[in-house]
Structures are given as structure tokens and as C-alpha cells.
Amino acid sequence: MAELIIEGCRRLDGSIKVQGAKNSALPILAATILCKDQSVLHNCPCLSDVDVSIKILRYLGCMVNRDGDTLLVDSDTVNNSEIPQNLMREMRSSIIFLGAILSRVNKAKLSFPGGCELGPRPIDLHLKALAQMGVAIEENHGVLECHAPDGLHGAKIALSFPSVGATENIMLAAVCAKGTTVITNVAREPEISDLADFLNACGGRVSGAGESTIFIDGVDTLTGAQHCIIPDRIVAATYISAVAISGGRLFLKQIIPSHLGGVISVFEDAGCSFDFKPDGVMVYAPYRLLPVKLIRTMPYPGFPTDAQAPVMAMCTKARGTTIFVENIFESRYKHVDELSRLGAKINVQGKVAIVEGVKRLSGACVEAQDLRGGAGLVVAGLGAEGTTHINGLKYIERGYEDIDVYLSSIGANIKKL
Ligand code: UD1
């Protein structure tokens with residue numbers, strides 16, 4: 001099994017072009033089903049989760065070709081409304097295909113999704129909204145059979161929580177539904193706006209993305225479009241954590257600073273400084289990291305739950321105590337025991353983690369158990385003296401393109417074995 005080997009405590013210096021956002025690419029790939037035509041997606045990252053989406057598209061009858069970070073999807077030939085269990089189990093986002101398939105062929109059959117284990121991840125909000133839009137849903141032994149023989153219709157949908165996936169699924173179902181859909185208390189993440197931009201480029205009529213109410217006027221059909229996926233703000237936050245713990249400086253090319261709103265202030269509190277330029281941002285690490293006092297994960301524009309593990313890894317070497325409160329997922333501290341193996345002092349009580357900064361971390365063998373937790377271990381490994389072996393690389397590869405190559409290019413001693 002592949003592992004990452006890191007010789008830590010090397011100063012980092014260089015520049016990185018941030019990859020396209022996984023969490024944009026996945027729903028936009030699902031949206032291509034609606035186009036009955038060719039779509040071209042630029043800046044599409046090479047990740048195992050993107051590969052799973054491509055497998056699903058092909059299973060549904062689409063033709064998909066990749067040329068570097070450009071994907072061409074032709075969905076004219078869609079001839080299937082089922083996703084097999086093995087593909088559904090491979091990632092949580094496979095559920096995003098439900099709204100798109102239903103919209104395209106008025107029926108769908110798939111099982112409950114898999115993905116990183118972060119505690120219970122229900123899809124009740126997705127299903128309730130689709131039912132409001134005229135979909136009959138039957139569940140048998142974990143398999144969902146959905147029918148909308150008369151097509152989907154617009155509805156007024158009030159989400160009880162601003163779920164990212166539910167917002168996207170409803171947008172995909174509503175863009176070609178009869179009439180108008182109004183969704184309140186939606187997720188406001190930049191990836192939602194990116195999906196809306198793609199749908200509108202294809203002829204959809206979606207407004208309000210990025211705010212808390214989205215309005216969608218259903219259109220008869222969408223045509224394919226060209227679209228460039230936004231840069232990945234979580235990958236950017238991970239590389240900032242890496243340079244912060246290692247010392248040095250990093251120029252992040254091609255990021256959108258406003259997307260990092262909730263995290264930049266945390267890094268500034270930790271002593272990092274930023275120089276914003278037209279083509280990216282320069283990050284300078286402090287001589288010794290400061291504690292951040294309190295970091296609460298919240299829906300966007302709050303501090304993202306996906307950045308919690310990499311930033312926690314950074315805080316393990318701060319000069320004082322940082323408190324984390326994880327408000328989005330129940331079980332998102334699996335990296336804590338592994339960080340402790342490297343010498344971190346962290347005490348978890350329910351959704352609170354108290355991180356007492358230490359002067360030194362030292363290398364050990366650790367195991368990634370989910371995507372962002374794995375990224376946190378890479379950050380900690382870079383800040384640890386000696387050799388760190390990280391197993392469970394398959395989790396990291398779900399969301400980070402060639403993490404060893406990117407980090408080596410800025411001076412890290414990291415190898416994939
Ligand atoms: C997306 C992101 C993931 C990120 C998360 C929160 C993608 C591919 N993944 O995941 O990286 O960590 O947003 O920012 O974009 N919930 C329900 N019922 C539902 C749906 C969600 O109770 O029907 C709960 C979840 O259990 C969780 C919370 O809502 O506690 C947030 O989930 P959600 O925003 O839906 O996350 P995902 O779309 O799965």
C-alpha cells in the first residue's frame with residue numbers, strides 16, 4: 001500500500017498553482033448530464049473522486065475524455081438511470097447525481113452513498129426536497145427507487161440546515177423543472193456559485209447563489225458550455241498551514257482571496273502575514289506560531305470544517321493553547337490520536353478539542369483515516385523532526401492532486417512510496 005514519507009523541519013519557499021476545487025468539479029460533472037450536448041470543463045483536478053464521477057458518467061452513457069486538466073463530457077448518449085452500489089459507495093458526492101438523473105430521465109435508482117466516515121451523514125434534506133418537487137421515493141434495503149412520471153415541478157423549499165449537497169441536488173433537479181423553485185436557507189459556499197455559473201452558461205436561469213435564497217426558473221433544456229472550475233480554497237488553506245508550521249514563504253498562484261475570508265484571519269492570528277497581488281497571494285510564516293484562542297467551524301462564510309484538521313495540525317506547534325469547536329460533523333477528530341503519536345498535546349471532549357502547543361513534534365508512523373485528517377497529518381509531518389510515515393494515502397488522493405510533488409517543489413522532503 002502506498003505511503004508518504006516526510007523528513008520534517010525543512011523551510012519551505014516557492015510558489016504553487018492551486019488546483020481546481022474538488023467540491024466544485026463534482027457537482028458540475030453531475031450537471032453535465034442535463035446538457036444533452038458537449039461540455040468542456042477546464043481546471044478540473046486529477047483526483048480519485050473525480051475519477052469516480054467519470055466512471056458514473058460513463059456508466060450512465062456519457063462519453064468522457066480528459067486532456068490534462070480539461071475534461072470533455074458528451075451527455076447526448078445518456079441511456080441509463082441507475083448507479084451501481086460499488087460506485088455509490090466510493091464517495092459521498094455520488095448522491096449529487098440523483099437530482100440530475102431525475103431531471104434528465106424522470107427516474108433514478110441508486111443506493112445510499114459512502115465516502116469519508118465523519119459520523120452520521122443523512123440525506124433526508126435531499127429526499128424531502130425532491131419529494132416536494134414531485135418525486136415518489138421508495139427505499140428498500142438501502143436502495144432508493146425514485147420516479148417522477150410527470151416530470152419535476154418547481155417548489156418552495158426551506159432547508160432546516162444550509163447543507164451544501166442538498167442545495168446542489170435541488171439546483172440540479174430544479175433547473176429544468178416546470179415552473180419556479182425558491183430555496184431558502186441555502187448553503188452559500190463558493191462552490192454553489194460555481195455550479196450556478198455553469199448552469200447559467202448552459203442556459204439555466206439561476207439567481208441568488210452566494211446568498212441565502214436561490215431562485216430558479218425552470219427551462220426546457222440546457223446546452224453544453226465551457227467552464228473553468230474555481231481554485232480549491234481548502235487545498236490553499238492546507239498549503240498555508242504547511243508553510244506556517246515549516247517556516248518560510250509561499251506564493252499561492254490563482255486563488256480567489258475572498259473565498260478564503262474565514263481562514264485568512266485565523267492564519268493572521270497565528271502570526272502569518274499576507275501580501276495580496278493581482279495574480280495570487282504571498283504568505284509569510286512567523287518565527288514561532290501564536291495560538292488562535294478559538295476556532296469554530298461554521299457554514300460559509302464561517303471557518304470551514306474541511307480546513308479544521310490542517311489548521312489544527314499547524315496549531316500543535318503554536319506558543320499556547322488553541323480551542324477548536326467542530327459544529328458541522330460529529331466525528332471529525334479522527335486525526336487527533338494520530339497527531340498525538342507525533343507528540344501533539346490535544347484533549348477532545350465531544351465537539352471541543354483543546355490543543356496545547358508544543359515546542360517540538362517528532363516523526364512517527366501514522367494512518368490517515370479521512371481526506372482532510374490525512375492532509376492534517378501531512379502538515380504535522382512537515383513540522384516534525386525526523387521521519388514521518390503516513391499510511392492511508394488513498395484518502396488524501398481523494399482531494400489533493402500530487403501532494404508530494406507540489407510540496408517537494410517548494411522545498412519539502414516528501415516522497416510517495
Ligand atoms: C460538503 C463538502 C464537504 C464539506 C461539507 C460541509 C462536497 C463534495 N463536500 O459535503 O467537503 O465538509 O459540505 O461544508 O461538496 N445533513 C443532514 N441531512 C442532509 C444533509 C446534510 O443532516 O440531508 C447534515 C450533515 O450530516 C452534516 C451537515 O448537514 O452534519 C453538513 O452536511 P452538508 O453540508 O450536506 O455536507 P456535504 O454536502 O455532504
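The residues of the chain are indexed from 1 along the displayed sequence. Just so you know, ligand 1 is whichever comes first in the structure, and atom 1 is the first atom listed for that ligand.
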When you measure from [atom] to each heavy atom in [options], which option holds the nearest one?
atom                    : options                       : result
atom 1 (C) of ligand 1  : Leu159, Ile96, Val164, Ile123 : Val164
atom 20 (C) of ligand 1 : Pro162, Pro122, Ser94         : Pro122
atom 21 (C) of ligand 1 : Pro299, Ser163, Ala25         : Ser163

Contacting atoms of ligand 1, where contact means under 4.0 angstrom from a heavy atom of [X]:
X      : result
Phe161 : 28 (C), 29 (O), 31 (C)
Ser93  : 8 (C)
Thr305 : 6 (C), 12 (O), 14 (O)
Arg332 : 12 (O)
Gly165 : 35 (O), 38 (O)

Any Glu191 heavy atom less than 4.0 Å to ligand 1: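 In this structure, Glu191 fails to qualify as a contact of ligand 1 - no heavy atom is under 4.0 Å.
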Is it the case that more than 12 heavy atoms not belonging to Lys415 sit under 6.0 Å from its NZ atom?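 Atom NZ in Lys415 is not crowded, with 12 or fewer foreign heavy atoms closer than 6.0 Å.
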Neighbour count >12 (heavy atoms, 6.0 Å) for atom CG, Asp279: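 Counting other residues, nucleotides and ligands, CG of Asp279 exceeds 12 neighbours.
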Does the plane of the ring in Tyr239 sit parallel, tilted or perpendicular to the ring in Tyr406? Use 30° and 60° as the thresholds.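 The arrangement is parallel - the two ring planes meet at less than 30°.
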Where on Glu168 is there a heavy atom closer than 4.0 Å to ligand 1, on the side chain, on the backbone, on both, or on neither?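 Looking at Glu168 and ligand 1, no heavy atom falls under 4.0 Å.
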Check whether any side-chain heavy atom of Lys55 sits under 4.5 Å from a side-chain heavy atom of Glu90, and report yes or no.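 The answer is yes; the side chains approach within 4.5 Å.
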Is it the case that [X] and [Y] place a side-chain donor and acceptor less than 3.5 Å from each other?
X      : Y      : answer
Asp370 : His335 : no
Tyr300 : Arg233 : no
Arg332 : Thr305 : yes

Can you check whether [X] has an N/O within less than 3.5 Å of an N/O in ligand 1?
X      : answer
Ile328 : yes
Asp306 : yes
Asp124 : yes

Is there a donor-acceptor pair closer than 3.5 Å between any side-chain N or O of Ser24 and the backbone N or O of Ile229?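 No: the side chain of Ser24 does not pair with the backbone of Ile229.
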Can you give me the closest heavy-atom contact between Val292 and Ala270, atom names plus distance?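 Scanning both residues completely, I find the closest heavy atoms to be CG2-CB, 4.0 Å.
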